[in-house]
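Per chain, numbering begins at 1; letters A, B, ... match sequence-line order.
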Amino acid sequence: MTNNKPKVEGRSDEAEGPDGGWGWVLVGALFVSTSLVFGLMRSLGIFFVEFVQYFEESAQAISWISSTGLAAQQFFSPLGAALCNAYDARVVVMTGGVLAGLGLILASQATCLVHLYLTMGLISGLGWGLIFTPMVATVMAHFTRRRTLVLGLGFSSIGLSSFAFNPLFQLLVEMYAWRGALLILGGLSLNIVACGALIHPQRHSKAPAKVDSASRSSCASVLNRVSSYLELSLLLERPYITYTLAVTLLNVGYFVPYFHLVAHSRQAGFSEYQAAFVMSAAGVTDIFGRVVSGWFSDLRHFRLIHLLTMWTTLAGVFIMLLPVSSLSGSYTALIGISLLYGFCSGALTSLVFAVVPKIVGVERMMGGLGLLQLIESGAGLLGTPMSGLLKDITGNYIASFMVAGSFVILSTLTMATLPHYFSCTDPLPLQRRSLDDKDEGLHSELKLMNSVSSDKNHKGVNDLTDEVTKYPQDCVG
Amino acid sequence: MKLLWAVSALLLSCLRANASTDPNIITYPEEVSNQTSAVLSCNLTEPSFHIKGSHWTHNGKIIEGSKSDVATPYIVHRLDRITYTSSGKYECVFLTDPEVKKTIEVKTLPHVVAYKHSEHGNEKDKGVLVCLSSGYPLPTDWTWFKDGGQTPIINGTTDKYEIKSTPNKTTLVIENLSIEEDIGDYVCSGTNELGTTSDRIHLRVRSRLAALWPFLGIVAEVIILVTIIFIYEKRRKPDEITDGAAPLKTNSNANHKDKNVRQRNSN
């Protein structure tokens, strides 16, 4: 009656996230669990020296351990998402925590390299896959206005924990030998179970209730359910495909500086310490970039996708400038560009996941994230060997950095082809297409909007749609 | 008699002629052993060829400061402080056509250094101790001693010890570490023709259960945390049903009970 303007922010997916209270507890849980997943993965290098000496294998064979772990984490992400859709996010994350810890505990008893591949690589990787996507999706669901900020805060843990874990792991290895250290790490990873326990149990499964109407566990209906858990229907929709492609291209170039910057600095003539310092400096600005970009995005001055494009373009440009600065021989230029690169790459990390619910809607976000991780994993595996190959062919890293930067810029251009890219408002998220629940889905979306607005008295669903379309969001605020 | 003189003079001159076809480099000293400093010199006798210049090389690499364009048959290279890094094969090279060179060997005691001065191993596991060496000449013999004892550890006498040695690296592998017997200092000694140097490594054996206590502590902490969280939730449950989270699933807010209940934004 009095205030007819709905508080919904644009015709977008903003379902109501309470933006506070228990949400912050979950942010803390995300912080801890992300640091125990990715921070741990990044610091495993300490163990590799020990493994090379103990198992007398080549460094390349040992480095496959972490590649397997990372690949498993990304490969099993859709599985984690599907299980959350089918069952309970809490149970999935807790199981993931148990698996991650179990993998490391078993690894401490390894007697040959294959054991390590199976335990540290496969089992822990499976656990990590079951943890990361559900935690991120759960936290994003709890926040609307501060979504990007909390993601930035959560992901800043990766940088901070890699700082802290490197000396810690070294200490553990000195005191307890690598077996004891892995055992203790397994115990630490079990803390993820406690993080998962903080998620509220869900009362309703996402199982489309239509299955009961079919009332036959036939092959077709089971496949139907599985595909709806995995959100495979997303693969048929152009905005999602476009976005996934863009993120995949981004991943090809994104990791190259992390792997090659130190070697490139040494080749340009700087000392070991100078080269290592460059990486540390980039790591510090990475942390800042994540938090600052998260905070800035939530000020709502610009659409998330525009901000993401800006950060990605800047990151690509700086990657391409990196070889120029080190070739000119100026250490200041190298440090400066690396700092800027670190900031931009951290900034875009916060946004990459936050854009997903804008495209697919909060409901399908879980599956969307899982599929995204799976598809982008291929790019990560492709990018680094390719840049190494370029270096072997050309003899220096200039070509690698140029190609990496150009992939990142290419991903920006791909993002620009998203529908409604140049409009000032976020478009409506995709509706699930399956005929069975199309009406249900629409109905429930509108019911959510109904519940958000303050004084509606017994308004019918149709009236509401008119209300919402009457007040489009404008560009600012 | 005169014939004999003539023949011998002819032979001598032939010999001298032969000798003079190969330019002779006289090096001083011939070899440097265990000295703290030295001056290496090369004297090109009978320079029948034109000398365009000269330089010195160390282990095959040209010493930058020694390049010279002066056509002198006598060159020197000073070594003020001889350490293991400056030992090796020095060559004086005269840029004649063809080049002539001669080698002077600078020998020092071997430089033996442990890869890690403090090693650790797990009980019943194997421990690996490594010593490296550099300098010239590299050790020809390596020996390991335990706790500074006199009897060296012999390779192959027991299953417990295995020694693998190359001129620049030696590895002692101890199987089945035991806390009582194997903790202590191990000394690796490298011997070359000039003498022996050694280094010592301290081996620590951790009991297999050493890491178990912190691990159990952490597991206990996790169990306590999870229990607290579950108890807290059970006590909250009767009070409030909804947490108002944006639904990842449909209908998870209270609206499913009554469609007409409005929910205020908690912001």
Heavy atoms from other residues, nucleotides or ligands near [atom1] of [X] exceed 12 (cutoff 6.0 Å):
X       : atom1 : result
K89(B)  : NZ    : no
Y115(B) : OH    : no
D69(B)  : CG    : no
K124(B) : NZ    : no

### Message
Quick check for you: to the nearest 0.5 Å, what is the distance between L212(B) atom CG and Y176(A) atom OH?
### Response
11.0 Å

#### Entry: Interatomic distance, I229(B) atom CD1 to L198(A) atom CG [nearest 0.5 angstrom]
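Rounded to the nearest 0.5 Å, the CD1-CG separation comes out at 3.5 Å.
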
### Part of V130(B) lying under 4.5 Å from any heavy atom of chain A
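When you check distances to chain A, only side chain atoms of V130(B) fall under 4.5 Å.
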
Can you see which heavy atom on [X] is nearest to which on [Y], and at what distance?
X       : Y       : answer
F215(B) : G186(A) : CE1-C, 4.5 Å
G180(A) : A211(B) : CA-CB, 3.4 Å
R90(A)  : F230(B) : NH1-CE2, 3.2 Å
A197(A) : V226(B) : CB-CG1, 4.3 Å
M175(A) : R206(B) : O-NE, 3.1 Å

### Message
Consider side chain to side chain contact (heavy atoms under 4.5 Å, CB included). Of I218(B), L225(B), I223(B), V222(B), which one does L190(A) pass it with?
### Response
V222(B)

#### Entry: Contact check, side chains of E233(B) and H200(A), non-hydrogen atoms, under 4.5 Å
yes

### Query
Would you say K126(B) and Y54(A) make side-chain contact, with heavy atoms under 4.5 Å?
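Yes, their side chains come closer than 4.5 Å.
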
### Message
Once disulfide bond (SG atoms under 2.5 Å apart) is applied, do any residues pair with C131(B), and if so which ones, sequence neighbours excluded?
### Response
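C131(B) satisfies disulfide bond (SG atoms under 2.5 Å apart) with C188(B) only.
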
#### Entry: Basic-acidic side-chain contact under 4.0 Å: R179(A), E123(B)
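Result for this pair is no, no salt bridge flagged.
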
### Query
Can you say whether M94(A) sits under 4.5 Å from chain B via the side chain, the backbone, both, or neither, judging by heavy atoms?
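The side chain, not the backbone.
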
### Interface residue of largest heavy-atom contact number with chain B, from I192(A), N191(A), I184(A), under 4.5 Å
N191(A)

### Message
Only pairs of heavy atoms separated by less than 4.5 Å count here; which of L172(A), L185(A), V173(A) has the most with chain B?
### Response
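Of the candidates given, the most pairs with chain B belong to V173(A).
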
